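Note that the coordinates shown come from a computational prediction; the quantities given were computed from them, not determined experimentally. Order of appearance sets the numbers: ligands from 1, and atoms from 1 within every ligand.
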Amino acid sequence: MSTNKPDVLLVMPLPPYARAQIDSLYTVHDRTHQTDPQAFAGVASKIRAIVGSGEAKVPRTLMAQMPNLKMVSVIGVGYDGVDTAAANDLGIKVTHTPDVLNDDVADLALGLMLCAARRLPQADQYVRQGQWLAKGPMALQRKVSGSRVGIVGMGRIGKTIAKRCAAFDMPISYTARSAKSDLPFTFYTTAKELAANVDFLVVITPGGAATKGMINAEVLAALGKDGYLINVARGTVVDQTALIHALQNKTIAGAGLDVFDGEPNVPEAFFALDNVTLLPHVGSATTDTRKAMADLALLNLANFYAGKPLVTVVPECQ
Ligand code: NAP
């Protein structure tokens with residue numbers, strides 16, 4: 001069917017709103033590079049933009065197959081799956097959707113802190129399984145308000161988490177690549193030092209090579225048997241084997257995880273543990289926020305095709 005809608009390559013399935021919008025404006029080649037490489041080769045030169053979610057894998061080899069590719073629009077703030085160095089080499093701009101998801105991800109971080117310390121999922125099970133009636137009140141749990149929180153990554157979302165923690169009267173400290181002189185929180189140069197001084201260690205850095213395995217066995221040991229790990233960043237930031245070991249041996253008190261290394265595959269070892277809450281990467285997964293993310297990604301695409309400046313180019317491609 002002939003159409004004058006611009007061709008875009010979709011590299012990940014999209015939620016219904018984003019998919020409907022993009023279908024109405026573009027000719028969408030939905031993962032054709034994987035499902036039908038021959039058909040893809042036939043249209044590759046027409047494709048000037050790639051669209052994908054935050055987990056999208058866009059390696060150099062894929063970008064190099066589209067000689068007129070000029071843009072990768074990520075519907076998400078993290079873009080660790082996109083080879084930005086290759087994009088720069090090939091003259092391709094990468095955009096993402098910062099800020100519009102800060103509230104949701106920060107809300108979820110607090111939710112996971114409450115789940116970990118107050119054991120809310122276990123309490124729900126306690127009622128459903130009739131244990132309340134059979135055994136009486138559930139065991140007492142840990143208080144969250146007033147506990148010390150350490151935030152690994154004090155960027156847009158880290159600051160939004162800090163705002164919520166302040167309302168919980170929590171002393172706040174953090175680590176990042178650099179100290180923030182405008183923030184009234186305690187800075188530690190390493191995650192290990194930070195972990196040694198807090199009750200909750202909340203991880204919210206980007207993924208990718210620079211942060212891979214940053215939360216390792218040493219950091220978990222520093223967090224200690226009364227400390228909780230919350231990861232709403234990327235699974236790769238935490239050494240998953242070390243974390244399972246720490247949870248199994250109760251060398252940390254518990255964890256709340258929204259992300260996993262190798263997701264959606266989650267190591268079965270986690271399923272046997274009752275000191276961890278497991279979520280299927282739902283940090284930004286509300287209707288309002290996913291719409292805002294899609295709208296920002298679509299605005300970047302529309303500006304690109306109209307020859308206007310892109311709104312939210314990732315720092316590496318500015
Ligand atoms: P951001 O504003 O860029 O903040 C990132 C923070 O991480 C900054 O404070 C930065 O330090 C710090 N950082 C970066 N590399 C580091 C390193 N090697 N060592 C220590 N700290 C490092 O990003 P954001 O908007 O807050 O988003 C953060 C990440 O959250 C995203 O990249 C994504 O992976 C994740 N995320 C997850 C979900 C979810 O669904 N669970 C949703 C959205 C985002 P400086 O300030 O010193 O540069």
Side-chain angles (χ1 to χ4, degrees), residues 12 15 52-57 74-82 84 94-113 115 150-165 172-183 185 187-195 201-216 219 229-239 255-261 263-264 266 277-286 288-290 292-294 296-297 312-318:
M12 292 281 287
S53 61
E55 297 79 53
K57 299 275 176 285
V74 175
I75 310 180
V77 69
Y79 49 91
D80 39 300
V82 181
T84 50
V94 180
T95 62
H96 65 152
T97 62
D99 287 317
V100 292
L101 40 58
N102 294 352
D103 282 339
D104 273 359
V105 184
D107 291 353
L108 197 84
L110 270 289
L112 280 172
M113 288 163 69
C115 286
I151 303 176
V152 183
M154 189 49 78
R156 291 170 291 250
I157 302 172
K159 285 180 198 152
T160 313
I161 294 171
K163 209 160 97 181
R164 283 153 178 70
C165 291
I172 297 165
S173 46
Y174 70 101
T175 188
R177 286 176 296 197
S178 62
K180 319 289 165 207
S181 55
D182 57 327
L183 295 179
F185 313 135
F187 175 71
Y188 291 96
T189 48
T190 66
K192 185 178 166 187
E193 276 181 276
L194 178 67
L201 190 69
V202 182
V203 185
I204 186 64
T205 61
T211 56
K212 189 165 172 52
M214 187 183 183
I215 308 302
N216 57 20
V219 175
L229 177 77
I230 306 299
N231 188 7
V232 287
R234 285 286 185 264
T236 53
V237 186
V238 175
D239 177 338
L257 308 173
D258 185 41
V259 286
F260 301 87
D261 196 359
E263 64 185 47
V266 176
T277 298
L278 309 169
L279 301 182
H281 200 152
V282 290
S284 65
T286 67
D288 287 353
T289 293
R290 286 291 167 85
M293 290 162 66
L296 183 49
T312 44
V313 178
V314 304
E316 291 87 339
C317 296
Q318 280 170 0

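From L201, atom CG reaches atom CG of N231 across 9.5 Å, with rounding to the nearest 0.5 Å. Atoms CZ and OG1, on R234 and T211 in that order, are 9.5 Å from each other to the nearest 0.5 Å.
Ligand 1 lies less than 4.0 angstrom from a heavy atom belonging to M214. Contact between P98 and ligand 1 is absent, with no heavy atom of the residue lying under 4.0 Å from the ligand.
Residue contacts with ligand 1: D258 is placed with a nitrogen or oxygen under 3.5 Å of a nitrogen or oxygen of the ligand (distance criterion only). Checking only distances, R156 does come within under 3.5 Å of ligand 1, N or O to N or O. Taking only nitrogen or oxygen atoms, main chain and side chain alike, I157 reaches within less than 3.5 Å of ligand 1. Residue contacts with ligand 1: T211 is placed with no nitrogen or oxygen under 3.5 Å of a nitrogen or oxygen of the ligand (distance criterion only).
Under 4.0 angstrom from ligand 1, the non-hydrogen atoms of I204 come from both its backbone and its side chain. Both the backbone and the side chain of P206 come within contact range of ligand 1, each with a heavy atom under 4.0 Å.
Of the possible donor and acceptor atoms, none in the side chain of T312 sits under 3.5 Å from a partner among the backbone N and O of T95. E55 contributes no side-chain N or O that, together with a main-chain N or O of G81, makes up a donor-acceptor pair within less than 3.5 Å. Counting only distance, with no hydrogens or angles, the side chain of Y174 and the backbone of A162 share no donor-acceptor pair below 3.5 Å. In this structure, K212 contributes its side chain and A210 its backbone to no donor-acceptor pair below 3.5 Å. For T97 (side chain) and G76 (main-chain N/O), a donor-acceptor pair under 3.5 Å exists by modelled atom type. Side-chain atoms of D258 come within 3.5 Å of backbone N or O of V282 as a donor-acceptor pair.
With ligand atoms numbered from 1 in the order given, ligand 1 contributes 42 (C), 43 (C) to contacts under 4.0 Å with heavy atoms of V105. Below 4.0 Å from some heavy atom of H281 lie the following atoms of ligand 1, by number and element: 39 (C), 40 (O), 41 (N). Contact atoms of ligand 1 toward V232: 36 (N), 37 (C), 38 (C), 39 (C), 41 (N) (distance under 4.0 Å to a heavy atom of the residue). Residue V77 approaches ligand 1 through these ligand atoms, each under 4.0 Å from one of its heavy atoms: 25 (O), 27 (O), 31 (C), 43 (C), 44 (C). If you number the atoms of ligand 1 from 1 as listed, the ones under 4.0 Å from a heavy atom of S284 come out as 40 (O). Listed by number with element, the atoms of ligand 1 under 4.0 angstrom from any heavy atom of K180 are 45 (P), 46 (O), 47 (O).
Looking only at protein heavy atoms, the nearest one to atom 4 (O) of ligand 1 is G155 CA, 3.2 Å. Protein heavy atom in closest approach to atom 9 (O) of ligand 1: M154 N, 2.9 Å. For atom 12 (C) of ligand 1, the closest non-hydrogen atom on the protein side is G153 CA, 3.9 Å. Nearest protein heavy-atom contact of atom 29 (C) of ligand 1 is T205 O, 3.4 Å. Among all protein heavy atoms, the one lying closest to atom 33 (C) of ligand 1 is R234 NH1, 3.8 Å. Here the protein heavy atom with the shortest distance to atom 16 (C) of ligand 1 is R177 CG, 3.5 Å.
Under the 4.5 Å side-chain criterion, counting only non-hydrogen atoms from C-beta, M113 is in contact with V202. A heavy-atom distance below 4.5 Å is not found between the side chains of T175 and T190. With contacts defined as side-chain heavy-atom distances shorter than 4.5 Å, the pair P206/D80 does not qualify. You'll find the side chain of Y79 reaches within 4.5 Å of the side chain of E316, heavy atoms only.
Between D103 and K163, none of the side-chain N atoms (NZ, or NE/NH1/NH2) sits under 4.0 Å from a carboxylate O, so this pair counts as no salt bridge.
Of the candidates G208, A233, A210, P280, it is A233 that places a heavy atom closest to atom 35 (C) of ligand 1.
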